[in-house]
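Numbering starts at 1 and runs along the sequence shown. Values in this document were obtained by computation on a predicted structure and should not be read as measured data.
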Amino acid sequence: QVHLVESGGGLVQAGGSLRLSCAASGRSISSYAMGWFRQAPGKEREFVAAISWSGYSAYYADSVKGRFTMSRDNAKNTVFLQMNNLKPEDTAVYYCADSPRIKLPISASEYRHWGQGTQVTVSS
């Protein structure tokens with residue numbers, strides 16, 4: 001059984017940066033695509049970023065392109081989300097999840113296991 005744990009969230013001023021981590025245990029994630037999603041109060045969970053099993057291909061929501069970068073370290077069974085130039089609109093709980101493959105458009109329904117989430121709050 002895979003267990004995903006997000007970390008790295010916190011409070012940051014607009015324009016600042018955070019790096020989120022998602023550590024997997026229970027099995028290797030090396031053969032899985034991974035994704036980041038976020039959910040703000042009163043809103044539906046939305047796609048943020050996804051990366052292929054090799055790390056060669058990455059995809060981003062239009063709202064974060066040019067600001068966020070997703071990466072993975074399969075040897076450490078961990079994926080990351082580097083978030084730069086943060087905006088108040090980025091405030092949400094961020095979740096990571098795994099998928100057997102990337103399908104476009106990306107839907108949360110394709111992702112099988114989810115972490116508990118980490119809170120990101122961006123002040124203006």
Side-chain angles (χ1 to χ4, degrees):
Q1 183 177 5
V2 66
H3 185 212
L4 303 175
V5 179
E6 302 94 336
S7 63
L11 175 64
V12 65
Q13 291 185 322
S17 299
L18 287 172
R19 190 174 83 148
L20 306 184
S21 299
C22 174
S25 61
R27 59 104 167 119
S28 174
I29 61 169
S30 62
S31 61
Y32 291 82
M34 300 294 296
W36 285 97
F37 298 78
R38 67 187 182 187
Q39 188 166 22
K43 297 184 178 180
E44 295 183 357
R45 188 168 298 186
E46 65 175 346
F47 164 70
V48 176
I51 194 167
S52 64
W53 67 269
S54 66
Y56 184 78
S57 300
Y59 305 86
Y60 301 93
D62 289 342
S63 60
V64 306
K65 285 181 180 177
R67 300 189 298 119
F68 291 10
T69 302
M70 188 173 181
S71 61
R72 67 191 301 162
D73 186 340
N74 287 340
K76 296 182 178 179
N77 223 28
T78 304
V79 297
F80 305 94
L81 184 68
Q82 178 66 47
M83 305 186 295
N84 297 326
N85 192 24
L86 283 160
K87 303 176 180 179
E89 307 93 270
D90 296 318
T91 295
V93 177
Y94 284 70
Y95 301 89
C96 75
D98 65 348
S99 174
R101 70 190 72 217
I102 292 177
K103 294 182 179 179
L104 300 178
I106 293 177
S107 170
S109 65
E110 299 293 333
Y111 290 76
R112 301 291 184 266
H113 304 99
W114 297 79
Q116 85 292 341
T118 186
Q119 177 71 49
V120 172
T121 302
V122 184
S123 62
S124 59

Dump the intermediate steps for side-chain contact (heavy atoms from CB on, under 4.5 Å) on Met83 and Arg67, then the final yes or no.
-> CA-CA 6 Å; Met83 305 186 295; Arg67 300 189 298 119; over 6 Å; no
Evaluation steps, side-chain contact (heavy atoms from CB on, under 4.5 Å), between Thr69 and Tyr60 = CA-CA 8 Å; Thr69 302; Tyr60 301 93; 3.8 Å; yes
So Thr91 and Arg38, side-chain contact (heavy atoms from CB on, under 4.5 Å) or not? Walk me through it.
-> CA-CA 9 Å; Thr91 295; Arg38 67 187 182 187; over 6 Å; no
Please lay out, stage by stage, how Trp114 and Phe37 fare under the test ring-ring contact (aromatic ring centres under 6.0 Å, His included).
-> CA-CA 10 Å; Trp114 297 79; Phe37 298 78; 5.0 Å; yes
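Between Asp90 and Lys87, none of the side-chain N atoms (NZ, or NE/NH1/NH2) sits under 4.0 Å from a carboxylate O, so this pair counts as no salt bridge.
To the nearest 0.5 Å, atoms CG (Asn85) and CZ (Phe68) are separated by 9.0 Å. Residue Asn74 holds its CG atom at 8.5 Å from OG of Ser54, rounded to the nearest 0.5 Å. Rounded to the nearest 0.5 angstrom, Arg72 CZ and Leu81 CG are separated by 13.5 Å. Interatomic distance, Tyr59 OH to Ile51 CD1, rounded to the nearest 0.5 Å: 10.5 Å. Ser30 contributes atom OG, which lies 11.5 Å from atom CG of Asp73 (distance to the nearest 0.5 angstrom). From Leu4, atom CG reaches atom OG1 of Thr78 across 10.5 Å, with rounding to the nearest 0.5 Å.
Linking ILVMFWY side-chain heavy atoms closer than 4.5 Å, directly or via other members, places Phe47 and Tyr94 in two distinct hydrophobic clusters. Residues Val93 and Tyr111 share a single hydrophobic cluster, defined by chaining ILVMFWY side chains whose heavy atoms lie under 4.5 Å apart. Residues Met70 and Tyr32 do not share a hydrophobic cluster, clusters being chains of Ile/Leu/Val/Met/Phe/Trp/Tyr side chains in contact below 4.5 Å. Hydrophobic clustering (side-chain heavy atoms under 4.5 Å, transitive across Ile, Leu, Val, Met, Phe, Trp, Tyr) groups Ile106 together with Tyr95.
For the residue pair Ala92 and Ala40, the shortest heavy atom distance occurs at CB-N, 3.9 Å. Closest heavy-atom contact between Ser52 and Tyr56: OG-N, 3.4 Å. Shown here for Asn77 and Ser28, the closest heavy-atom pair between the two residues is OD1-CA, 3.5 Å. The shortest non-hydrogen separation linking Arg101 to Ala33 is C-CB, 4.1 Å. For the pair Ser31 and Trp53, the tightest heavy-atom approach, listed with the atom from each and the gap, is C-CB, 3.8 Å.
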Donor-acceptor pairs under 3.5 angstrom involving side-chain atoms of residues 5-21: please list them, not counting sequence neighbours.
| residue | atom | partner | partner atom | Å |
| --- | --- | --- | --- | --- |
| Glu6 | OE1 | Gln116 | N | 3.0 |
| Glu6 | OE1 | Gly117 | N | 2.8 |
| Glu6 | OE2 | Cys96 | N | 2.8 |
| Glu6 | OE2 | Gly117 | N | 3.4 |
| Ser17 | OG | Asn84 | OD1 | 2.9 |

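Remark: Glu89 pairs with no residue by the salt bridge (Lys or Arg N to Asp or Glu O under 4.0 Å) rule, at least two apart or across chains.
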